[in-house]
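For ligands, and for the atoms within them, numbers begin at 1 and follow the listed sequence.
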Amino acid sequence: MKCIKVFSPGTIGNIGPGFDVLGLAIKGLGDIVEARKIKSEVKISSIESEYKLSKDPKKNTAGIAASEVLKLLNVKSGVTLKLKKGLPSGSGLGSSAASAAAAAYATNYLYGNKLSKKELILPSTKAEESVSGGFFADNTAPSLLGGATLTRSCLPLDVTKIGSIKELKIIIVTPEKVILTKDARKILPKKVPMKDFVFNMGNSCLITAAFSKDDYKLFARSLNDSVIEPIRAKLIPGFDKVKENAIRAGADGMTISGSGPSVFAITNNMSKARLIEDAMVRTFKQFGVKSTSIITEVDPVGTRLIK
Ligand code: HSE
């Protein structure tokens, strides 16, 4: 029986101040799902991952997303999934969203490809909700659509693909520490002072303008967050110093990727990117934290079939 292979990229969501609203797909990191039709139900036959993940399809975002898609398609038969994790769990790079997006896409494709990528955002986001403790599409939407996305509303879901910035270089450093999104959401404030709201809104709008115009110079001055970053930074050892040294090495901004612990810095110059990466990794080390790093760019395509 026909077996297909789908790749979904990792994501940065939130892009800086655009909490739960702005997300971005990145090249070079992602999850792969191999899928095949079966007579009934959703099964996960294997998971290749450095981390222990449940093969119970009701507890894994890939299995949940596949079931949601079967429900939407009103199909009584099922799928079996093989999951290959390229993204570490609890790292802030949209790991659970990528598994959900790939499984949703694969299931839809096997059963006639009737739903658009946009229509797959809702089932993928429902799957992510089961592990993240919140309903937000800033990882599932860019992982499916590629580029940067804007979620105006979750229910009803209203997502727009904004665009990409071709010259953007993104330096992602992931310290060896797991932060669960649901824990990093619990510590956030219920109310925000008006001046911080206005500040974050101005910067978020500038990010939207930057991606829609493919304008790095605009993006370079927009990565400022006075609401979420100062609180979540406390969960990441050495954050302030890593940021200071990234900027000193030439970065135009640095903040937390998703709910952390990954952080990302930006530039449009590859030689600078290498210096920034080195400065960030070395600074984490000074705080006794091992980390992995990658210099990457925007993935403008999102979820796709692969050979
Ligand atoms: N927007 C979510 C958050 C994404 O920051 O909590 C988590 O990956």
Q) Counting from 1, what ligand 1 atoms have a heavy atom of Phe19 closer than 4.0 Å? A) 3 (C), 5 (O), 6 (O)
(Q) Using every non-hydrogen atom in the two residues, find where Ser45 and Lys55 come nearest and quote the distance to one decimal. (A) O-NZ, 3.4 Å
**Q.** Non-hydrogen atoms of Leu145 and Lys161 that approach each other most closely
**A.** O-NZ, 2.8 Å
Q.
Residue-level breakdown please: for Asn139 versus ligand 1, do any non-hydrogen atoms fall below 4.0 Å on the side chain, on the backbone, on both, or on neither?
A. side chain
Q) Name the one of Ser8, Ser99, Ser49 that satisfies side-chain hydrogen bond (donor to acceptor under 3.5 Å, both in side chains) with Asp31? A) Ser99
Q. For ligand 1, which atoms have a heavy atom of Arg185 less than 4.0 angstrom away?
A. 1 (N), 2 (C), 3 (C), 6 (O)
Q | Expected output: side-chain Ser204 to main-chain Asn200 donor-acceptor under 3.5 Å | A | yes
Q: Return the residue, atom name and 0.1 Å-rounded distance of the protein heavy atom closest to atom 4 (C) of ligand 1.
A: Gly13 O, 3.2 Å
Q | Side-chain (Tyr216) to main-chain (Thr267) donor-acceptor, under 3.5 angstrom | A | yes
Q: Could you list the atoms of ligand 1 found under 4.0 angstrom from a heavy atom of Asp20?
A: 1 (N), 2 (C), 3 (C)
**Q.** Proximal atoms of ligand 1 relative to Asn14 (non-hydrogen, under 4.0 Å)
**A.** 1 (N), 2 (C), 3 (C), 5 (O)
Q) When you measure from the side chain of Ser257 to the backbone N and O of Ser262, does any donor-acceptor pair fall under 3.5 Å? A) no
Q. Is a side-chain donor or acceptor of Ser222 paired with a backbone partner of Phe219 at a separation under 3.5 angstrom?
A. yes
Q: Quick one: look at Glu128 and ligand 1, take heavy-atom pairs under 4.0 Å, and tell me if it's side chain, backbone, both or neither.
A: neither
**Q.** For Thr181, the ligand 1 atoms whose distance to one of its heavy atoms is below 4.0 Å
**A.** 6 (O), 7 (C), 8 (O)
Q) What protein heavy atom sits nearest atom 5 (O) of ligand 1, and how far off is it? A) Arg232 NH1, 2.7 Å
